[in-house]
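What follows is a set of notes on a single structure, which appears directly below.
Residue numbers start at 1 and run along the sequence shown.
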Amino acid sequence: LPSLGMMLTPERGLMAPALTDVREAAGLTGAFNLCPLASSGCAAACLVFSGNSGMPSAQRAQAVRTAFLLGYPREAGLIVGAEIRAALRKGPINLRLNTTSDIRWELVSPDMVQALADEGVLLYDYTAWSPADREASAAYALTYSAKEPSHTSDSYLIDLLSCGENVAMPFDTKRGEDLPETWQGFRVIDGDKSDERYSDPRGVVVGLRAKGYKWKRDNSAGFIRASN
């Protein structure tokens, strides 16, 4: 199925001095953090630094989109809804609203989440929240993120996997190479082959090849796992 995603400015990026004019244009005051549980490791490996999204013009566009969503949520919601409706005319879609953020949409707008599910949208996300703080549902598939061990210990991740939850884990595997077959005895599936997280078996590690470039400068915290 086609996959659609919304790219926003992650973590505290919207607070950058260079974006003061963007915040003022949307009437935003105070502090904003769209990834409140981000670690230094995941911030360095964020998709916002990968491919075309790392270009200054693309990052400014993401900031404008983020400020518009925060400053004018109703109007932004109408635009997002219109784009989803247009896509649905061709059939079901995968939708990832948190491509570079970690907003708990099921709390922000539970009616929207259910309405999307009712219309055939397969809503999914990766999240740093724990199942206790953010529970997956039939309307919203969630894969829990592994951070560096100081943030998500191996024992915590093993508990998640043992309970049938899925864990996304980035490896230093290069493009075109095979990911490890297992991690701590749990099966690793290739999460780069498809974004259809609904079809994943349960209790598996969703292996991902590390994107971006900043993590290559310093991976001492161990956010990116070694593939061998």
For [Y], does its backbone N or O pair with a side-chain atom of [X] as donor and acceptor, under 3.5 Å?
X	Y	value
Asn98	Thr100	no
Arg104	Asp133	yes
Glu11	Ala38	no
Arg23	Leu14	yes
Ser101	Ile103	no
Thr20	Pro17	yes
Ser109	Asp111	no
Asn166	Val204	yes

Minimum-distance pair of heavy atoms, taken over all atoms of [X] and [Y]:
X	Y	answer
Tyr126	Ser145	CB-OG, 3.9 Å
Val22	Ala67	CG1-CB, 3.6 Å
Gly222	Arg225	O-NH1, 3.8 Å
Glu148	Cys42	OE1-N, 4.1 Å
Tyr156	Pro131	OH-CD, 3.9 Å
Trp105	Met112	CE3-CE, 3.8 Å

Open item on the list: If you count heavy atoms of other groups shown closer than 6.0 angstrom to CD of Glu75, is the number above 12?
Closed with: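 Correct, the count exceeds 12.
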Open item on the list: Are more than 12 heavy atoms, taken from residues, nucleotides or ligands other than Arg202, located less than 6.0 Å from that residue's CZ atom?
Closed with: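 Above 12, so yes.
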- [ ] Go through the steps to decide whether Gln62 and Thr9 satisfy the test side-chain hydrogen bond (donor to acceptor under 3.5 Å, both in side chains), and finish with yes or no.
- [x] CA-CA 6 Å; Gln62 292 159 15; Thr9 300; 5.1 Å; no
Would you give me the side-chain donor-acceptor pairs under 3.5 Å for residues 177-185, sequence neighbours excluded?
unit_1, atom_1, unit_2, atom_2, d
Gln184, NE2, Asp154, OD2, 3.2

Side chains of [X] and [Y]: does their closest heavy-atom pair fall under 4.5 Å?
X	Y	result
Ile84	Leu95	yes
Phe171	Leu208	no
Ile93	Leu122	no
Leu34	Pro10	no
Arg187	Pro201	yes
Leu70	Phe32	yes

Task: Charged N-O contact under 4.0 Å between Arg209 and Asp190 - done: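 Looking at Asp190 together with Arg209, the answer is yes, because their closest N to O distance falls below 4.0 Å.
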- [ ] Please go through Ile79's hydrophobic cluster and name the other residues, only I, L, V, M, F, W, Y counting, with side-chain heavy atoms under 4.5 Å joining them.
- [x]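 Answer for Ile79: Phe68, Tyr72.
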Open item on the list: Side-chain heavy atoms under 4.5 Å apart, restricted to Ile/Leu/Val/Met/Phe/Trp/Tyr: what other residues fall into the cluster of Leu37, or is it alone?
Closed with: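 In the cluster with Leu37 are Trp129.
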Open item on the list: Just verifying a value: how many Å separate Arg96 CZ and Asp195 CG, rounded to the nearest 0.5 Å?
Closed with: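 Arg96 atom CZ to Asp195 atom CG measures 6.5 Å (nearest 0.5 Å).
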Please name all residues satisfying side-chain hydrogen bond (donor to acceptor under 3.5 Å, both in side chains) with [X], sequence neighbours left out, ordered by chain then number.
X	value
Ser162	none
Thr127	Asp102, Arg134
Asp200	Arg197

- [ ] Indicate if Met7 and Leu19 have the same hydrophobic cluster label, given that clusters are the connected sets of ILVMFWY residues with side-chain heavy-atom separations under 4.5 angstrom.
- [x]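 No, it is not one cluster - the side chains of Met7 and Leu19 are not joined through contacts under 4.5 Å.
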Open item on the list: Same cluster or not: Leu97 versus Val108, using hydrophobic residues (I, L, V, M, F, W, Y) connected whenever any side-chain heavy atoms lie under 4.5 Å apart?
Closed with: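 Yes, Leu97 connects to Val108 through the hydrophobic network.
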Open item on the list: Checking side-chain polar atoms at under 3.5 Å, does Asp125 have a donor or acceptor matched by the opposite partner on Tyr140?
Closed with: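 Side chains of Asp125 and Tyr140: pair found under 3.5 Å.
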